[in-house]
Each structure stands twice: as C-alpha cells, then as structure tokens.
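Written below as structure tokens is the structure these notes are about.
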Amino acid sequence: MIMGFPEQKHIGRNTTAWLYLAPNFLGFLSFTFIPVLFAIVLSFFRWDIFNPPQFVGFENLRDLLGMSIVNGKIAFNDPYFWKYLWNTVFLMLTIPVNMLVSLLIAIMLNHPLKCIGFFRSIFYLPTICGGVGILLLWSFIYNPEFGLLNQALALIGIKGPGWLTDCTWAKPAIMLMGTWGAMGGTNMLLYLAGLQGISEELYEAANIDGASVFQKFRHITLPMLRPTSFFIFIMSVIAGFQGGFDAAFILTGGGPAGATTTLSYYIFNHAFVWFNMGYAATIALVLFLIVLIITIINWRFGGNVHE
Amino acid sequence: MNRHVFHKNLNTVLIYAFLIIIGFTTIFPLLWMLATSLKDPYADVSKLTSIVPSKCHWDNYRAVFVETNFLREFCNSVFVTFTITAGKVFTSSIAAYAFARMIFWGRNHIFLGYIATMMIPHSVTMIPTFLLLQKLGWIDTYYALILPEMFTAYGTFMLRQFFLNLPRDLEEAAMIDGCNSWQIYCNVIIPLSRNALITLAILIFMGSWKNFMWPLIVIHSAELYTLPVALAKFKEMYGIQWPLLMAGSVIMILPMFIVFIAGQRFFIKGITLGAVKG
C-alpha cells in the first residue's frame, strides 16, 4: 500500500472529511474523471457539434492507425498522424542535450563561489518568463531581415535562412528555443539538489586514489545522479509528447509544410478548427496510451525515484 | 604549493567564465526585448548596431495600453489568475488535509485515482470539458476560464506529502485544548506549511498567467481575452511594429518576474519538494 499510516488520533472522520474533500473532488469528477470517460465514448462517434453525433464504432481508430499495402508500399490511412508523431518525437531529440547542459550548469553552480544565487536566478529567468511573450521575442529573433540571429550571422558574413519558414531549419529553430528556455530551469534545480545529496566522502576517497576530474564525474557523479536523470528524462518525454502547441500556433502555424506540427497542435486543429470531435478524441486517447506506456516503464524501472 | 593555488584559481576563473557565458546567452535576448520595446516604432530600429535605444520611447507602453484593449485584457488576466490561484490553493490544501489527517471511506482508492489521473494529457480532457461547458452555455464567459482550473490533482498530491511530514505534537495539543478540525487547519497546518503553499501558489500563478491554449479555445469575444491570447492577436494586427509587440511582451512578463523575485526565497527550495528523493 502506498500510504501506510501508524494508527493515530484522526482529526476528522467520514462526514467532516468529505466536507473538506468535496470541492476538490467535485472538480476532479467534473473536469477529469467524467471527461476521460466521455472522451472514450466520443471516440466511437463522428460528431461535428452542429449535427447529431453518429455512431461509427472503431472507424475513427481505423482511420487513424490503419494502414494497407498498395503496390508493395505501405499506405497509411492518415499519413499526417504519422508525420506529426514523427515531428513530435524529432523535437524531443533535444532532451538529452538539454539534460547535459542543465547538468553542466548545476555542476558549476555547485561550487562554493560568490554570486551563485545571482547566477541561479538569471538562469531561471527563461522558465519564469515563458509563454506567449517569449515566443513573440523568438519570432523577432528568427525574423529573416531584422532578427537578432541573422544580423549576428551577417556580422561574420553569413546570410542566415528564414529560420521559421525553411523546411530544413524550422525544427532546429524550435529546438534551439526549447534549449534556451529549459537549460537553467527546473531540471537544473533538480540536478543541483541531486548533487548536493552526494556525500563529499566519495570524492575525498577518489582524490586519495588519484582520480581525475573526468573519472570522478564518470564514476561518482553520473551514477549517483541516475535517479534524478531518469526522473527528468521521463518527465521530459511525457511533456514532450504533449508539447509544441504554443510554438506551432504562435511561431509557424505548424508549417512550413507541416514541419513543426506536433500531435497536440493536430488534435487542436481537428477539434476546434475542423470540428471533428470524435476523431480528435481518438488521437488524444492514442496520445494518452503512449504516455501511459512510458509511465509504466517509469514505474517498472525507475526504482524509488518517485515517492 | 604554488602550483596548487594556481590550479585552484584557474578553476575558479574557468567556472566564472562558463557561468558568465551561459548567463549572457540567457539574458541577452531578454535585454534585447526590453531595449526594442523602448525604440521608436516608426524608424528603422531593429539594427543590431543600435542595441541601446538612443532615446527611450516610453510612449510605446502608453500606446499599447491606450490604442488597444490591453488594459482590459491585463485586468482580465489579473482577475482570472488570482481567482484560480486562490481557489486552487484553497481546494487542494483542504483536500490534502483530509487525505493526510482524516479517515474516511474510500480514502486510499480516491487518492490512487488522483495520482493515476496526473499523467492524463490535457488534450484528452480538453475536448469533453469544452463540450460540457458548451452544453451549460458557459463558453465565452469567465466561468469557462476559471471553473475547470479550480482544482489540481498535482497540488493535492504535493501538499498531502508535505502535510504527512509535519510533526503531530502541535495538532494533538490543539485537540486537547478543544480546537475543532477547522481551527487546527487555520492555526496549525497553514502556518507550518507556508513554504509549500507559497511554492504551489507561485507555480499555479505562473501556469495560469501563461496559459494560452485554454482561453484560446473557450473565449471568442475580445473583451474576455486574457493577455496571452491578446498578444497572439496583437501579433496578427501589428506584426511588423516590433517595438509595440515587444512592449506588450514585456508587460506580460513583468508580473511573473515580480512574483518570482518576491517568492524566490521559498520557491527555489520548494520546487524540488516531492519530486526527487535522493
């Protein structure tokens, strides 16, 4: 059982307890539990919200995931879904890079120097500033003519591309923005907390054995931070599968040619632009299934990371 | 010995160099945003060579507030965010109190249900919630912005873990003195959990202030726009007037900045609460 209590005096019982729980529980029922059930039901219907819903059984699922072989080639029923799933996964390639940068920053901040608090606050700024304001800033930075990036490149004689309108550069541009926003943020604080939990004696013992800085990093720091790294990785992957909406909406409109459309943007379009409620619910449930599988992997292999 | 000191100093210098480079990379775009927001919107202002505006056009900020509906949208955001923050902290703290300190039918099962739903993507619940609100006729009202955001499984979970670790002596003393459960909550639990509550409140504030997708979905009338939606529309209208656009962005970011600075002391410690244990 996840919550064993020693038997103690309890402050309240049934009725009192439910009074305290009620507001939260009602919210939970109306905006989480019932909607999830409703989404499952919805995925069996075709519904544009203007006409009455029409029961179609598993057709939505077939339209979404189905494939057939035509002339020896695989033809997907919804090639867009697979393309956008690939986009979503591709954008997550920054996760290891972000983690490494966060770890480096955390290691540097773990030294007893002056101004550490100052630097920590500076590094945390992009995290607190996030949202539409920062996305607008980046649309300015990536502007082909006036943007900071292309003007800086022009100084060294390179003519930069239209970052957000070029099929090759749109994804890397979004990823770079993500790294800038994430490197000194919450993950870095988690690493910092993890580093401070490593016993100093381990390093002293290694010093006596004449270990180099790199050896200490490889054989003490990294293994001791494994639970933290695992936690950050899983959380980033879960967030990654659900992410990308704001950037796609504000910066690129999902383009060029769908290069920056992620699953969440695709779901939004199906639900609230094209009003395919049933189909949108189906995609959302498939997304849920992916997240669920990752969470189960987390439980199975994550050990005691999450209390 | 000298060599050792030299190495130590070299290390310190390298660390500072690294920190300064990363810090510069982080803060330069933000400073550029601030500088751009003060430039003349009608001149060719975006040249890198003129990073610092020759003359501060504070007028941009006045223009953003006066010539658009920004003041109204700012007030909407303030109202919605404060209501959500207060509501969420209140509902989740009393629920966490019940989970941590009371005994009732189904407690463990309900709590397990809360944990299980924390990983459900927002996209799954968003569509049915929209349809539900539409049925109630609440689309395009403050209700749609606020009500679905009034509870949090994550906050309840985090506070419950925190409450479980509070010492019980004070509560027991209060019980012996004849305090009822509400008095214990107000006079014992809340004062002891100040850090956790402030951390949660800051997290909720930031999340709600930045929230873009949900207001975009449920709000259609301009007078109910929150800041993020307003800024996105602003970009469609004034796409090329970067100084005005950046002024709007600065206005959106400033409250989060102030809240962060004010609560930083609690926040940096609190954010790792309940996430990882060694």
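To find a chain, count down the sequence lines: A is the first, B the second, and so on, and within it residues start at 1.
- The minimum heavy-atom distance between A:G133 and B:M33, with the atom names listed, is O-SD, 4.4 Å.
- Heavy atoms closer than 4.5 Å to chain A are found in the side chain of B:I253, but not in its backbone.
- Of the two parts of B:I20, the backbone and the side chain both hold a non-hydrogen atom closer than 4.5 Å to a non-hydrogen atom of chain A.
- Proximity to chain B (any heavy atom under 4.5 Å) is shown, for A:A280, by both the backbone and the side chain.
- Looking at B:T156, only its side chain comes within 4.5 Å of chain A, counting heavy atoms on both sides.
- Top candidate by heavy-atom pairs under 4.5 Å with chain B, chosen from A:I198, A:I107, A:V101, A:L125, is A:L125.
- Within the 4.5 angstrom heavy-atom criterion, no atom of B:M150 approaches chain A.
- Among the candidates B:M213, B:M252, B:E171, the residue making the largest number of heavy-atom pairs closer than 4.5 Å to chain A is B:M213.
- Residue with the most contacts toward chain A among B:I202, B:I22, B:V229: B:I22 (heavy-atom pairs, distance under 4.5 Å).
- Of the atoms belonging to B:F130, it is side-chain heavy atoms, and not backbone ones, that fall under 4.5 Å from chain A.
- Rounded to the nearest 0.5 angstrom, A:N187 CG and A:S102 OG are separated by 5.0 Å.
- A:W18 pairs in a ring-ring contact (aromatic ring centres under 6.0 Å, His included) with only one of the listed residues (B:F99, B:W105, B:F104), which is B:F104.
- Of the two parts of A:L104, the backbone and the side chain both hold a non-hydrogen atom closer than 4.5 Å to a non-hydrogen atom of chain B.
- Looking only at side-chain heavy atoms (C-beta outward), A:Y266 and A:H270 come within less than 4.5 Å of each other.
- B:W242 and A:F140 have parallel rings, their planes meeting at less than 30° on a 0 to 90° scale where 60° marks the start of perpendicular.
- Residues B:F111 and B:F157 have side chains in contact (heavy-atom distance under 4.5 Å, counting atoms from C-beta outward).
- Across A:L19, A:V291, A:D246, A:L37, the residue that shares the most heavy-atom pairs under 4.5 angstrom with chain B is A:D246.
- With chain A as the partner, the residue from B:P148, B:G106, B:S93 showing the most heavy-atom pairs under 4.5 Å is B:P148.
- Between B:I84 and B:F205, the closest side-chain pair of non-hydrogen atoms is not below 4.5 Å.
- Of the listed residues B:A96, B:P121, B:S123, the one with more heavy-atom pairs under 4.5 angstrom with chain A than any other is B:P121.
- For the atom pair B:R160 CZ and B:Y114 OH, the distance stands at 12.5 Å (nearest 0.5 Å).
- The residue among A:A22, A:C115, A:A39 with the most heavy atom pairs within less than 4.5 Å of chain B is A:A39.
- Both the backbone and the side chain of A:F28 come within less than 4.5 Å of a heavy atom of chain B.
- In this structure, chain A has no heavy atom under 4.5 Å from any part of B:I251.
- Residue B:W209: no heavy atom, backbone or side chain, is found under 4.5 Å from chain A.
- Looking at A:F249, the atoms closer than 4.5 Å to chain B (heavy atoms on both sides) all sit in the side chain, from C-beta outward.
- Side-chain contact between B:K88 and B:S208: absent, with no pair of heavy atoms (C-beta onward) separated by less than 4.5 Å.
- Per-residue heavy-atom pair counts under 4.5 Å with chain B were compared for A:G27, A:G131, A:P23, A:A154, and the maximum is reached by A:G27.
- In terms of heavy atoms, A:G194 sits closest to A:L225 at C-CD2, 3.6 Å.
- Both the backbone and the side chain of A:S139 come within contact range of chain B, each with at least one heavy atom under 4.5 Å from a heavy atom of that chain.
- Separating the CE atom in B:M175 from the OG atom in B:S181 is a distance of 9.5 Å, to the nearest 0.5 Å.
- Proximity to chain A involves both the backbone and the side chain of B:M119, based on heavy atoms less than 4.5 angstrom apart.
- Counting only heavy atoms from C-beta outward, the side chains of A:N24 and B:I94 never approach each other to under 4.5 Å.
- The backbone N or O of B:F163 lies less than 3.5 Å from a partner atom in the side chain of B:R101, making a donor-acceptor pair.
- Using non-hydrogen atoms only and a strict 4.5 Å limit, the part of residues 281-290 of chain A facing chain B consists of A:A281, A:A284, A:L285, A:L287, A:F288.
- Heavy-atom distances place the side chain of B:I184, and not its backbone, under 4.5 Å from chain A.
- Of all the listed residues (B:N11, B:L132, B:L30), the one sharing the greatest number of non-hydrogen pairs under 4.5 Å with chain A is B:L30.
- Distance check, rounded to the nearest 0.5 Å: CZ of A:F45 to CG of A:N276 gives 15.5 Å.
- The aromatic rings of A:Y265 and A:F268 sit parallel to each other, their planes meeting at less than 30°, with 60° as the upper class boundary.
- For A:I238, no part sits under 4.5 Å from any heavy atom of chain B, backbone or side chain.
- With a 4.5 Å cut-off on non-hydrogen atoms, B:F257 touches chain A through its backbone and its side chain both.
- The backbone N or O of B:N180 sits less than 3.5 Å from a side-chain atom of B:Q183, completing a donor-acceptor pair.
- Residue A:T295 touches chain B through its side chain alone, counting heavy-atom pairs closer than 4.5 Å.
- Proximity to chain A is absent for every atom of B:E149, based on heavy atoms less than 4.5 angstrom apart.
- When all heavy atoms of A:F241 and A:L263 are compared, the closest pair comes out as O-CB, 4.4 Å.
- Heavy-atom pairs under 4.5 Å with chain A were tallied for B:A98, B:G87, B:P228, B:A116; the largest tally goes to B:P228.
- Listed by chain and number, the residues in a side chain to side chain contact (heavy atoms under 4.5 Å, CB included) with A:A106 are A:M188, A:Y191, A:L192, A:L195 (sequence neighbours excluded).
- Of the atoms belonging to B:T152, it is backbone heavy atoms, and not side-chain ones, that fall under 4.5 Å from chain A.
- Between B:W182 and A:T16, every side-chain heavy-atom pair lies at or beyond the 4.5 Å cut-off.
- When side chains are defined from C-beta on, B:F260 counts as touching B:M206, because their heavy atoms get closer than 4.5 Å.
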Side chain to side chain contact (heavy atoms under 4.5 Å, CB included) evaluation trace for B:L133 with B:L147: CA-CA 10 Å; B:L133 292 171; B:L147 274 183; 5.6 Å; no
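- Note: A:F38 leads A:F38, A:W138, A:F118 in heavy-atom pairs under 4.5 Å with chain B.
- For A:I128, the parts sitting under 4.5 Å from any heavy atom of chain B are the backbone and the side chain alike.
- Of the two parts of B:L254, neither the backbone nor the side chain holds a non-hydrogen atom closer than 4.5 Å to a non-hydrogen atom of chain A.
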Audit row: B:F151, A:F31, ring pair (Phe, Tyr, Trp, His ring centres under 6.0 Å) steps and yes/no: CA-CA 9 Å; B:F151 100 101; A:F31 300 115; 7.4 Å; no
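- No side-chain heavy atom of A:F123 sits under 4.5 Å from any side-chain heavy atom of A:M183.
- The choice from A:I105, A:I40, A:I294, A:I232 that makes the most heavy-atom pairs within less than 4.5 Å of chain B is A:I105.
- Proximity to chain A (any heavy atom under 4.5 Å) is shown, for B:A153, by neither the backbone nor the side chain.
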